[in-house]
Amino acid sequence: MRNPLLDSPVSRAGWVFATAVGLAVGVPFSTGRIRVEDGLVVCTGLPRWAFRRGGTCVGSVYLTRDNDGPRVLRHERVHVTQWRRYGMLMPLLYALAGRDAARNRFEVEAGLEDGGYR
């Protein structure tokens, strides 16, 4: 039997909600350029409290100060796909996967080098 929480209307609703949260943070607090690239909303110029490491993907929104090169955006687009698949389970599953990027399956799948982890 297929899990109704994964790749389903439920997970997509969670992804849409997460995207709205990302926009609610990214748009008003961005002091840089906001653009859309291949379905990824990139909000730059954000304060450090708005993201971890070089940036954070919330739904389809990437929050960063200035870490927005092509390789990083390719990495973040994989996270968008993960958000669509897992919806609001994504934050919990990501946390359970651990802080070590080399062992975090979500970061490994997105590409450690593209994400700046190597």
Side-chain angles (χ1 to χ4, degrees):
M1 175 178 228
R2 191 174 163 167
N3 187 331
L5 298 178
L6 305 180
D7 278 332
S8 70
V10 173
S11 67
R12 283 185 203 72
W15 161 63
V16 168
F17 175 77
T19 299
V21 170
L23 290 170
V25 171
V27 171
F29 292 104
S30 176
T31 61
R33 185 172 170 221
I34 299 173
R35 66 190 191 276
V36 179
E37 290 195 20
D38 296 326
L40 179 67
V41 180
V42 181
C43 297
T44 61
L46 275 99
R48 288 276 174 215
W49 60 260
F51 58 89
R52 297 192 59 208
R53 273 193 92 244
T56 298
C57 184
V58 182
S60 288
V61 181
Y62 177 54
L63 307 171
T64 188
R65 176 168 295 286
D66 57 10
N67 187 26
D68 61 342
R71 292 183 70 184
V72 170
L73 296 185
R74 180 171 55 214
H75 174 92
E76 297 305 326
R77 280 191 288 276
V78 175
H79 288 318
V80 171
T81 301
Q82 294 166 343
W83 272 99
R84 272 196 309 265
R85 175 167 169 68
Y86 298 105
M88 289 309 295
L89 290 175
M90 181 67 179
L92 173 64
L93 295 173
Y94 188 94
L96 291 173
R99 297 184 107 180
D100 179 2
R103 294 185 176 176
N104 181 309
R105 68 187 191 97
F106 298 101
E107 295 300 341
V108 171
E109 181 182 350
L112 295 176
E113 285 189 31
D114 283 350
Y117 291 103
R118 290 190 179 162

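Here Glu76 contributes atom CD and Leu63 contributes atom CG; the two are 9.5 Å apart, rounded to the nearest 0.5 Å. In this structure, CG in Leu89 is found 10.0 Å from CH2 in Trp83, a value given to the nearest 0.5 Å. Note that OG1 of Thr44 is 11.0 Å distant from CG of Asn67, once rounded to the nearest 0.5 Å. Distance check: Arg74 CZ to Asp38 CG gives 11.5 Å after rounding to the nearest 0.5 Å. Atom CG of Asn3 and atom OG of Ser8 lie 7.5 Å apart (nearest 0.5 Å). To the nearest 0.5 angstrom, Leu96 atom CG is 10.0 Å from Arg105 atom CZ.
One hydrophobic cluster, built from ILVMFWY side chains closer than 4.5 Å, holds both Val58 and Val36. Linking ILVMFWY side-chain heavy atoms closer than 4.5 Å, directly or via other members, places Tyr94 and Val78 in two distinct hydrophobic clusters.
Under a 4.0 Å N-O distance rule, the pair Asp68/Arg35 qualifies as a salt bridge.
With hydrogens and angles disregarded, no donor-acceptor distance shorter than 3.5 Å links the side chain of Asn104 to the backbone of Arg99. In this structure, Thr19 contributes its side chain and Ser60 its backbone to a donor-acceptor pair below 3.5 Å.
Using a 4.5 Å heavy-atom cutoff, the side chains of Phe106 and Met90 are in contact. In this structure, Trp15 and Val80 have side chains that are in contact, with non-hydrogen atoms separated by less than 4.5 Å. Between Arg53 and Tyr117 the shortest side-chain heavy-atom distance falls below 4.5 Å.
Scored by the side-chain contact (heavy atoms from CB on, under 4.5 Å) test, Val108 finds Leu112 as partners (sequence neighbours excluded).
Shortest non-hydrogen contact noted between Gly59 and Cys57 is O-SG, 3.3 Å. The two residues Ala18 and Met88 make their nearest non-hydrogen contact at CB-SD, 4.0 Å. When all heavy atoms of Gly26 and Ile34 are compared, the pair lying nearest together is O-CD1, 4.3 Å. The two residues Val72 and Tyr62 have their closest heavy-atom pair at CG1-OH, 3.3 Å.
Taking the six-membered ring for Trp and thresholds of 30 and 60 degrees, Phe29 and Trp49 have ring planes more than 60 degrees apart, a perpendicular arrangement.
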Apply side-chain contact (heavy atoms from CB on, under 4.5 Å) to Val25 and Leu46, showing your working. CA-CA 9 Å; Val25 171; Leu46 275 99; 4.2 Å; yes
Could you go through Tyr86 and Leu6, starting from their C-alpha distance and side-chain angles, then the distance that decides it, and tell me whether this counts as side-chain contact (heavy atoms from CB on, under 4.5 Å)? CA-CA 5 Å; Tyr86 298 105; Leu6 305 180; 3.4 Å; yes
Please determine whether side-chain contact (heavy atoms from CB on, under 4.5 Å) holds for the pair Glu107 and His79, giving the CA-CA distance in whole Å, both sets of side-chain angles, and the decisive distance to 0.1 Å. CA-CA 8 Å; Glu107 295 300 341; His79 288 318; 3.3 Å; yes
